Amino acid sequence: MKTFSTFITTHAKAIVALWIVIFLAMAYFALQLPGKLQGDGFFVEADHNYVTKELAKTFDIPTNTILVVFDPAQDKKIEETLNKLDHIKEIHSIQSPLEDASLRKDGIAYAMVHLKNDAENLSEIVEDIRSLIEEDGVHITGGPVISADINTASQKDLASAEAIGLPIAIIVLLLAFGTVIASILPIIIGVVTVVTAFGIMTLLSGSVNLSIFVLNIVPMLGLALSIDFALLFINRYREERAHTSIAQAIQTATQTAGRSIIFSAVCVMIGLGAMIVIDVEIFQNIALGGTIVVLLAVLSGLTLLPATMMLLGDRLNKWRLLRVKPGGANRWRSFAGFVMKHPVAIVIAALLILGIGMLPLKDIQLTIPQVDSLPTKYDARVAYDKLDETFRLGETSTLYLFAERKEGWEDAEARELIYTIQEKLLKDPLVTNVSTIYTATNIPTPKELSASLAIPQVAEQLKPAIQTFSKDTKLFIPITIDAAGSSTTAQKFARTWMDKDLGVHFALGGPAKFNQEIFDEIANKIVLAIAIIIVSTFFILMLAFRSVLIPLKAIIMNIIGLSSAFGILVYIFQYGHFGIEAGSIVLIIPVIVFCLVFGLSMDYEVFLISRIQEEYLKGANNTHATIEGLTSTSRIITSAALIMIVITGAFAFTDVMPVKQIGVGIAIAVAIDATIIRLMLVPSLMKLFGDWNWWLPFAKKNK
């Protein structure tokens, strides 16, 4: 680090110039990112995706449908509206309520506009349709519309969260540093980091499918970390500048604070990297985007920031608005002394508070976000809710059984097999309807079907019906069940039937199967992801601090703190408090918040323990080293935590529910970690364990 720090101070102008070029180039690409984002990221390469592709390829069944809602339903309006869609070449077919009575009820009707399977840029198609037909009493909804609207809402959310978070972050930085330049510089570093990350992700979008949620999560993480790193670096620089030159102060800050920044970033990237083992697209996206932005936060924090500070010199303290009094350290010293005197009482009190926070966790309900991700003010949400209320769309769901038989499906044995599968399905109490050649033609048995096919004229009449369900070696059977596709009942049905022996190789697709695959993938891999995080963090912290107990305590306290944060999240979003409508927790939230915050919280652990270790290695006893470490880092930990809470908590005021829950979840977890964990539990346990804190088997004593 010494050679690196010297290089930075020696070539400061060149480094700043290079970053300006990189920033301008990446800004050009960053502006294109929203147009590259598609879908919510809930995708796993499994049976549902395989069946969907096969049905589209073999049976030309559309994979994307837009619903045109008419309220009130007027025949003339329906006819005029649907006629306007004729020139849109991406439309495969339209089911009109004028021809299908089931699409009309209680004065409301809807048309099903099926898109071609090779249609691209669904968001553009949505806008084309919307511009043509949306008027009073006519609205559109459905998967592509909801996805496009979530993308739009995410962009608005990002702008509103920044409008709320960044000004408050500047105020926090002003309270920490007192001068305008020192307070704005971390914000500039954060913006450069996020814009550069967005530019890189745009370049990667050609080879990687990117979820619309990265538009919020990447800047949330990038801004918070960049500002935190800059806060730590500038604080350490100021300490050194009081008794040395600008260049030497920057070099010392790079060698000390820089080390903490690197260890912190590694811990965060471990949490992000662990998500890769969960083979769901949104986790891959967050792991990719998060790793890129964290790497850039470290790179900008250890190159652009010190280089800029070198060029600014003492102008860093220009435009002073507040006088930051060093006397504040005395208050933190008094607090540290109090903690050292009452460690047992503080540990009991802290664990009691955290335990109370955990209580609601027992009731947690996890769901995959659907249309409820959208705020109720969006027309797509209003229209869908109206359809659901009128037509009860969500009370049943359809699965598709797709089977292949090398001999084909036209011989007598195949017809017998289809009938057997049909009857097995109909015996299941959850199944309300099964569509096959038998139900479509009202022919009750294989024997009668064979007899009908023996008559050439009848066989010709039955041919379209047969080809509806089977072509060459492939067959599909739609199955309607009396359960919502998102329900645990439907998931259990999909899971159970995949284990059945139906006499032929088959796969299932449909909403129930999709939800089951997502849930099972997360359930099967979450233990591995957590194990990777815990084991990696343990060994990294053990090597960093040459201790067994310090990383062990950090891991246990992180788990306790996060459990309490999840309990509070349930209290707010599931129970419905603080103006939030009662609902459920988005399935990905516990995984994302755990993986992110487990790493983020190590920032404060590294900040605090590094300073305690410095004092301990200088010869101070454990208690004195803890007091000095707590005194010197408490203000900076509090400020860093406030920045993190402000940047992530600002997303509480956004509209897209998964983003809102992630922002609030991270903010709560960080608040708990930076106060109860880092300022109460850590120093109390440091006191109680004494010199055992620094025990490492088979190693020489640190002192």
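Quick caveat, the model's predicted, so the values are computed rather than measured. The residues of the chain are indexed from 1 along the displayed sequence.
Among residues at least two apart or in separate chains, there is no side-chain hydrogen bond (donor to acceptor under 3.5 Å, both in side chains) pair with a member in residues 527-544. A side-chain hydrogen bond (donor to acceptor under 3.5 Å, both in side chains) check over residues 190-203, counting only residues at least two apart or in different chains, returns the pairs T193-S226, T193-S300.
The line from CG of N64 to CG of N117 is 7.5 Å long, rounded to the nearest 0.5 Å. Here the CZ atom belonging to F493 is positioned 11.0 Å from the OG atom belonging to S487, to the nearest 0.5 angstrom. One distance of note links CG of N285 with CG of L215; it measures 12.0 Å at 0.5 Å rounding.
Within the 4.5 Å cutoff, the side chain of F519 has heavy atoms near those of the Q491 side chain. Taking 4.5 Å as the limit, every side-chain heavy atom of E124 sits out of range of all side-chain heavy atoms of E127. Taking the side chain as every heavy atom from C-beta outward, L166 and I647 approach each other to under 4.5 Å. Within the 4.5 Å cutoff, no side-chain heavy atoms of F198 are placed close to those of M26. The side-chain heavy atoms of L185 and I187, taken from C-beta on, include no pair separated by under 4.5 Å. Counting heavy atoms from C-beta on, the side chains of L33 and L210 come closer than 4.5 Å. Taking the side chain as every heavy atom from C-beta outward, I589 and F573 never approach each other to under 4.5 Å. Side-chain contact between D673 and V597 is absent, with no heavy atoms from C-beta onward closer than 4.5 Å.
Under 4.0 Å is where a charged nitrogen must lie from a carboxylate oxygen, and between K525 and D279 no such pair does.
Considering only residues two or more places apart in sequence or on other chains, F233 meets the ring pair (Phe, Tyr, Trp, His ring centres under 6.0 Å) condition with none of them. Remark: Y571 pairs with H577 by the ring pair (Phe, Tyr, Trp, His ring centres under 6.0 Å) rule, at least two apart or across chains. In terms of the ring pair (Phe, Tyr, Trp, His ring centres under 6.0 Å) criterion, residue partners of Y50 (sequence neighbours excluded) are, by chain and number, F402. Applying the ring pair (Phe, Tyr, Trp, His ring centres under 6.0 Å) criterion to F594, with sequence neighbours excluded, gives F598.
Heavy atoms only, all atoms of each residue included: D228 and A640 are closest at OD1-O, 2.8 Å. Taking each heavy atom of N216 and F651 in turn, the nearest pair found is ND2-CE2, 3.6 Å. Taking all atoms of both residues into account, the shortest heavy-atom contact from A380 to D149 is CB-OD2, 3.3 Å. A27 and V195 get closest at one heavy-atom pair: CA-CG1, 3.6 Å. Considering every non-hydrogen atom in both I518 and V44, the closest pair reads CD1-CG1, 4.0 Å. In plain terms, the two heavy atoms of V194 and P219 that are nearest each other are CG1-CB, 3.7 Å.
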